[in-house]
Amino acid sequence: MTQIPFFRLMNYQKERRDNLNLMSKKKLIIIIGPTAAGKTEYAVDLAIKLGSPVISCDSRQIYRELRIGTAPPTPEQLSAVKHYFIFSHSIHDLYTAGKYEVETLALLEDLFKTHDSLVMAGGSGLYVDAVCRGIDNFPPADIPLRETLMQRLKNDGLESLRMELRLLDRESYETIDISNPQRVVRALEVFFATGKTFSSFKNFKSKTRDFEIEKLFIEKPREELYARINRRVDLMMEQGLLEEVRTLYPYRERPALKTVGYRELFEYLDGKCSIEEAIDLIKRNTRRYAKRQMTWWRRDIGTVIDNPSVRNRP
RNA sequence: GGGGAGAUACCAAAGUGGCCAACUGGGGCAGACUGUAAAUCUGCUGGCUUACGCCUUCGUAGGUUCGAAUCCUGCUCUCCCCA
């Protein structure tokens with residue numbers, strides 16, 4: 001068994017568990033934590049021990065075209081235990097947290113027929129939440145509409161879109177982060193696609209799952225984590241990340257390739273920076289990513305999932 | 001040995017008598033997050049304080065001045081040019 005310096009057990013659905021009583025004793029164990037903390041290794045070991053497959057919860061490792069830069073499980077790990085959502089989708093198809101929720105719940109239902117405990121592992125906080133508490137029934141992304149809005153953002157500026165949102169959906173204007181162009185665009189997109197306001201789709205209630213959820217948060221001292229990240233990036237380069245990126249260059253605009261490790265090397269291939277600079281940027285951006293992951297889960301610790309106030313910020 | 005330039009916060013770099021606890025960038029820290037989430041966005045970054053505010057900072061030791069990161073002098077160090 002791998003040595004994990006620190007990990008914290010979170011009684012995530014403690015209250016729910018009491019209410020569930022005999023309904024089900026099925027349990028989903030989710031290994032979460034920042035990138036490069038050792039989730040994959042830990043999950044594989046645990047899965048073998050429990051006779052469970054590993055269900056990945058990673059928004060980038062699902063893409064079969066991405067083999068090096070996303071630090072997916074090794075071929076040995078993949079053959080040691082059955083994995084789901086690794087290399088299962090293509091960068092050419094738009095994938096989202098909403099789809100992940102649907103596909104994963106279907107899979108879990110199926111797997112729970114033959115397993116009592118299932119191991120899930122991943123670093124994508126929104127995807128983990130989609131499984132644990134669900135995403136409200138928002139309309140799916142409307143890409144052509146979104147592109148139109150992005151074009152408007154570019155031409156007229158954010159303020160113009162904000163003003164429009166203020167007129168069409170005052171509530172969203174006052175509650176979402178209007179300094180974030182992505183959020184403003186999405187709110188408008190939903191309005192134009194459905195004629196209903198973005199805010200009207202929110203219901204602030206977590207969905208109910210008929211299985212127990214336990215989260216294991218793997219953490220490491222910051223210094224050690226950063227050292228591991230640096231080492232891993234160097235290793236990826238040795239494994240041929242640059243070659244991989246080169247073959248993916250034509251698809252660089254795909255959302256799936258807006259990914260740490262790929263973007264920076266696209267810039268290098270454009271001649272915008274040296275290879276050394278690109279590698280340093282990958283390391284820096286991975287550190288920042290890890291920090292964001294920790295921020296995301298920090299709020300989970302000690303919170304109760306049914307409390308709407310956790311999600312309904314002022 | 002002679003001449004010149006410079007030493008500013010974690011780093012780089014502006015500031016050249018009061019509007020300076022000090023522009024800006026990097027790095028770092030913290031936060032947000034409902035179908036792009038490895039995305040996108042926000043705040044902080046000398047100390048103490050909830051805040052008003054107070055205290056200590058611009059190589060170092062003095063000096064001039066009501067007032068100095070800014071002017072003067074000594075010292076230390078760095079860089080460049082000539083020997």
Side-chain angles (χ1 to χ4, degrees), chain A residues 33-36 39 56-63 66 68-72 89 91 93-104 122-143 145-147 149-150 153 158 162 172 175-187 189-190 193-194 197-207 222-223 226 229 232-233 236 253-265 277 280-300 308 310-314:
Chain A
T35 190
K39 293 186 296 294
S56 172
C57 192
D58 187 293
S59 71
R60 293 290 134 72
Q61 291 177 3
I62 63 166
Y63 295 116
L66 277 35
I68 299 174
T70 57
H89 295 69
I91 58 169
D93 303 315
L94 181 73
Y95 200 74
T96 62
K99 284 187 188 169
Y100 182 78
E101 178 185 354
V102 173
E103 291 181 9
T104 302
S124 301
L126 183 64
Y127 284 34
V128 172
D129 270 12
V131 171
C132 294
R133 50 174 72 145
I135 290 179
D136 289 334
N137 293 318
F138 282 85
D142 184 326
I143 298 306
L145 187 51
R146 180 174 294 178
E147 275 164 11
L149 286 163
M150 291 306 285
L153 175 68
L158 179 59
R162 273 183 192 157
S172 290
T175 51
I176 69 168
D177 179 3
I178 55 165
S179 59
N180 188 334
Q182 253 181 33
R183 301 266 145 72
V184 175
V185 165
R186 165 106 259 249
E189 172 194 317
V190 168
T194 65
T197 64
F198 180 78
S199 47
S200 69
F201 288 93
K202 293 188 185 179
N203 68 21
F204 303 116
K205 274 198 197 137
S206 297
K207 291 178 187 165
R222 189 69 55 97
E223 207 175 300
Y226 285 4
I229 287 171
R232 196 174 71 178
V233 171
M236 285 174 179
E253 292 307 321
R254 304 291 314 167
L257 286 168
K258 307 253 186 250
T259 300
V260 176
Y262 294 83
R263 283 180 149 182
E264 296 83 355
L265 289 174
E277 286 167 333
D280 282 345
L281 281 174
I282 294 173
K283 291 174 179 172
R284 183 197 71 180
N285 290 336
T286 307
R287 286 197 296 274
R288 290 182 172 174
Y289 170 49
K291 253 176 67 53
R292 269 178 274 131
Q293 290 175 300
M294 291 188 265
T295 299
W296 180 283
W297 282 306
R298 206 141 28 200
R299 68 177 176 183
D300 261 1
V310 173
R311 312 190 64 211
N312 182 12
R313 295 179 307 109

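The shown structure was predicted, so the numbers you read here are calculated from the model rather than taken from an experiment.
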Heavy-atom pair of closest approach, residues [X] and [Y]:
X         : Y         : result
Ile135(A) : Lys207(A) : O-NZ, 2.6 Å
Asp58(A)  : Gly123(A) : OD2-N, 4.2 Å
Asp177(A) : Arg183(A) : O-CB, 3.9 Å
Leu149(A) : Val185(A) : CD1-O, 3.6 Å

Report yes if at least one side-chain N or O of [X] is closer than 4.0 Å to OP1 or OP2 of [N]; otherwise report no.
X         : N       : value
Tyr262(A) : rA38(B) : no
Ser124(A) : rA38(B) : yes
Arg183(A) : rU36(B) : no
Arg292(A) : rA30(B) : no
Arg146(A) : rU36(B) : yes
Tyr226(A) : rC29(B) : yes
Lys291(A) : rG28(B) : no

Check whether Gln61(A) reaches the backbone of Ser56(A) with its side chain - one donor and one acceptor, N or O, closer than 3.5 Å.
no
Side chain Arg186(A) and base rA39(B) donor-acceptor under 3.5 Å:
no
From [atom1] of [X] over to [atom2] of [N], roughly how many Å is that when rounded to an integer?
X         : N       : atom1 : atom2 : value
Asp129(A) : rA32(B) : CG    : P     : 12 Å
Met294(A) : rA37(B) : CE    : C1'   : 17 Å
Gln182(A) : rA38(B) : CD    : P     : 12 Å
Trp296(A) : rA39(B) : CH2   : C1'   : 11 Å
Glu189(A) : rU36(B) : CD    : P     : 7 Å
Arg60(A)  : rA37(B) : CZ    : C1'   : 7 Å
Met150(A) : rU36(B) : CE    : P     : 11 Å
Ile135(A) : rA37(B) : CD1   : C1'   : 10 Å

Which part of the nucleic acid, if any, lies within contact of [X], taking any heavy atom under 4.0 Å across all strands shown: a base, the sugar-phosphate backbone alone, or nothing?
X         : result
Tyr127(A) : sugar-phosphate
Arg254(A) : nothing
Gly261(A) : nothing
Thr286(A) : nothing
Asn285(A) : nothing

Could you work out the separation of [N] and [M] based on their [atom1] atoms and round it to a whole Å?
N       : M       : atom1 : result
rU49(B) : rG35(B) : P     : 40 Å
rC58(B) : rU40(B) : C1'   : 38 Å
rA30(B) : rG17(B) : C1'   : 38 Å
rA22(B) : rA12(B) : C1'   : 16 Å
rA7(B)  : rA61(B) : C1'   : 16 Å
rC23(B) : rG4(B)  : C1'   : 29 Å
rC66(B) : rC10(B) : C1'   : 36 Å
rC55(B) : rA69(B) : P     : 14 Å

Conformer about C1'-N of rG59(B) - syn within 90° of 0, anti elsewhere
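Here rG59(B) takes the anti form, which means its glycosidic angle is more than 90° from 0.
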Applying the Watson-Crick and G-U wobble criteria at under 3.5 Å, what pairs with [N]? Answer none if nothing qualifies.
N       : answer
rA37(B) : none
rC71(B) : rG63(B)
rC10(B) : rG26(B)
rG17(B) : none

Both Phe198(A) and Arg288(A) contact RNA chain B. Taking the nearest nucleotide for each, which residue is further toward the 5' end?
Arg288(A)
Name the residue closer to the 5' end of RNA chain B, choosing between Arg232(A) and Leu281(A) according to the nucleotide with the nearest heavy atom.
Leu281(A)
Measure from the side chain of Thr96(A), starting at C-beta and using heavy atoms only, and say which of rG28(B), rC29(B), rU36(B) lies closest.
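The answer is rU36(B).
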Heavy atoms from C-beta onward define the side chain here; which of rU42(B), rU40(B), rG35(B) lies closest to that of Pro140(A)?
rG35(B)
Test side chain to side chain contact (heavy atoms under 4.5 Å, CB included) applied to Leu66(A) and Ile68(A), Ile62(A), Thr70(A), the passing residue
Thr70(A)
How are the rings of Tyr95(A) and Tyr100(A) set to each other: parallel, tilted or perpendicular (split at 30° and 60°)?
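Tyr95(A) vs Tyr100(A) ring planes: perpendicular.
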Determine, step by step, whether Arg232(A) and Thr35(A) satisfy the side-chain hydrogen bond (donor to acceptor under 3.5 Å, both in side chains) criterion, reporting the C-alpha distance in whole Å, the side-chain angles of both residues, the deciding distance to 0.1 Å, and the verdict.
CA-CA 10 Å; Arg232(A) 196 174 71 178; Thr35(A) 190; 2.8 Å; yes
